[in-house]
Amino acid sequence: KVGGSATRDVFTGWSLQTRLRAMFYESGLLRYNKEESDKFNIKVYSLQVCGGELNIIPSQIMEECGYGMRGIALDLSVPSFVPVTNPGWDMKTETDIAEKGSQIYKEQVITMRGLQRRYQNNHCLLDFSNVA
C-alpha cells in the first residue's frame, strides 16, 4: 500500500512512456499536462488512475540504464530522498590549490554523496518489463 498524496511523479524510460500513451490514447484517462511539462521542460502526460493521478515523466537515463519499461513513482510532496554526506569520513576540503605564484585563491571539496531513503510508503517502483 502506497500512502501520501494522490499525485505521483513517475520517472520512466521512453519505452514505457510510449507504451502507456499507445494504451490509453483513446481512453480519455491520459492527457497532456502543460503545468508539469513547463516544470520539467519535457512533455509530461498525466494518467488518471483509481485514487489519483500519475505524471509520466520520461527520462533518457532510465532508458540507458536498462530500465526503459520501469518507473520510479515518487510523491514529491514529502522529502523521500535526502542528500547525505559524512564530514570527516567521506568528505575533505583542500585549500590553496591555485597554481603557485598566481593571484587567485582556490579550494575544492571532494566528497561522496548518498541519498537517505525516507517515507518509504510514499514511493514505489513500477515494473512493466514483462509486458508484451
Side-chain angles (χ1 to χ4, degrees):
K1 178 170 172 4
V2 178
S5 71
T7 301
R8 297 274 188 285
D9 290 328
V10 182
F11 297 90
T12 69
W14 287 99
S15 300
L16 180 57
Q17 191 248 24
T18 302
R19 181 66 61 93
L20 289 172
R21 285 180 58 201
M23 287 170 56
F24 293 100
Y25 180 72
E26 293 183 8
S27 70
L29 298 173
L30 187 72
R31 65 175 176 78
Y32 173 71
N33 188 327
K34 179 163 178 30
E35 181 182 314
E36 293 297 315
S37 296
D38 290 344
K39 185 164 65 172
F40 288 101
N41 199 24
I42 195 165
K43 279 190 176 183
V44 174
Y45 291 87
S46 294
L47 179 63
Q48 299 301 314
V49 296
C50 180
E53 179 178 69
L54 300 176
N55 295 321
I56 311 299
I57 305 159
S59 168
Q60 183 63 31
I61 299 298
M62 294 285 286
E63 198 72 39
E64 289 176 3
C65 291
Y67 294 111
M69 289 295 288
R70 295 186 179 128
I72 300 172
L74 300 175
D75 179 356
L76 296 181
S77 70
V78 295
S80 296
F81 297 95
V82 179
V84 176
T85 58
N86 298 298
W89 179 66
D90 63 355
M91 184 168 106
K92 68 177 184 174
T93 303
E94 294 179 351
T95 59
D96 197 21
I97 61 168
E99 196 173 309
K100 298 301 175 202
S102 70
Q103 299 280 329
I104 298 173
Y105 175 80
K106 290 184 181 180
E107 64 182 41
Q108 69 180 354
V109 176
I110 301 172
T111 185
M112 293 186 301
R113 293 196 73 160
L115 291 174
Q116 177 185 30
R117 187 181 117 175
R118 300 170 38 172
Y119 301 98
Q120 67 183 7
N121 291 334
N122 292 41
H123 52 87
C124 63
L125 299 175
L126 306 172
D127 188 357
F128 292 92
S129 58
N130 292 329
V131 173

Student: With the 4.5 Å side-chain cut-off for hydrophobic clustering, are L125 and L76 part of the same group?
Tutor: yes

Student: Going by heavy atoms in the side chains, are R70 and T12 under 4.5 Å from each other?
Tutor: no

Student: Got a sec, which hydrophobics cluster with Y119, joining ILVMFWY side chains under 4.5 Å apart, including via others?
Tutor: V78

Student: Is the closest basic N to carboxylate O distance between R31 and E53 below 4.0 Å?
Tutor: yes

Student: Cluster question for you: counting only ILVMFWY and a side-chain heavy-atom cut-off of under 4.5 Å, with indirect links fine, are W14 and V131 together?
Tutor: no

Student: Let me confirm one number: the CD1-CG distance from I56 to D9, rounded to the nearest 0.5 Å.
Tutor: 9.5 Å

Student: Tell me if the CD atom of E94 is crowded by more than 12 foreign heavy atoms within 6.0 Å.
Tutor: yes

Student: Between the side chains of S46 and N55, is a donor N or O closer than 3.5 angstrom to an acceptor N or O?
Tutor: yes

Student: Would you say the side chains of E63 and S15 form a donor-acceptor pair under 3.5 Å?
Tutor: yes

Student: Is there a path of hydrophobic side-chain contacts, each under 4.5 Å between heavy atoms of I/L/V/M/F/W/Y residues, joining Y67 to F40?
Tutor: yes

Student: Is the number of heavy atoms from other residues, nucleotides or ligands within 6.0 Å of OH (Y45) greater than 12?
Tutor: yes

Student: With respect to I57, which candidate in L74, I72, V10, V44 satisfies the side chain to side chain contact (heavy atoms under 4.5 Å, CB included) definition?
Tutor: V44

Student: Out of curiosity, I42 CD1 to S59 OG, how far, rounded to the nearest 0.5 Å?
Tutor: 8.0 Å

Student: Taking the inter-plane angle between the rings of F81 and H123 on a 0 to 90° scale, is it parallel (under 30°), tilted (30 to 60°) or perpendicular (over 60°)?
Tutor: tilted

Student: Could you measure the distance from the CG atom of L47 to the CG atom of L20? Nearest 0.5 Å is fine.
Tutor: 6.5 Å

Student: Please assess Q116 against R118 for the test side-chain contact (heavy atoms from CB on, under 4.5 Å), listing each intermediate value before the final yes or no.
Tutor: CA-CA 6 Å; Q116 177 185 30; R118 300 170 38 172; 3.8 Å; yes

Student: Is it the case that over 12 heavy atoms from other parts of the model lie below 6.0 angstrom from the CG atom of L29?
Tutor: yes

Student: Among the clusters formed by ILVMFWY side chains lying less than 4.5 Å apart, do M69 and M62 turn up in the same one?
Tutor: no

Student: Tell me whether E26 at atom CD has more than 12 heavy atoms from other residues, nucleotides or ligands lying less than 6.0 Å away.
Tutor: no

Student: Do other residues, nucleotides or ligands put more than 12 heavy atoms under 6.0 Å from the OH atom of Y105?
Tutor: yes

Student: Any chance CG of D96 has more than 12 other-residue heavy atoms, nucleotides or ligands included, within less than 6.0 Å?
Tutor: yes

Student: Of K34, E35, E36, which is the lone residue that meets side chain to side chain contact (heavy atoms under 4.5 Å, CB included) with D38?
Tutor: K34

Student: How many angstroms lie between CZ in R8 and SG in C124, if you round to the nearest 0.5 Å?
Tutor: 7.0 Å

Student: Are I61 and F128 joined in one hydrophobic group, where the rule is that I, L, V, M, F, W and Y side chains link up if heavy atoms are under 4.5 Å apart?
Tutor: no

Student: Would S5 and D75 count as a side-chain hydrogen bond (donor to acceptor under 3.5 Å, both in side chains) here? Give the steps.
Tutor: CA-CA 7 Å; S5 71; D75 179 356; 3.0 Å; yes

Student: Taking the side chain from S37 and the backbone from N33, do they hold a donor-acceptor pair closer than 3.5 Å?
Tutor: yes

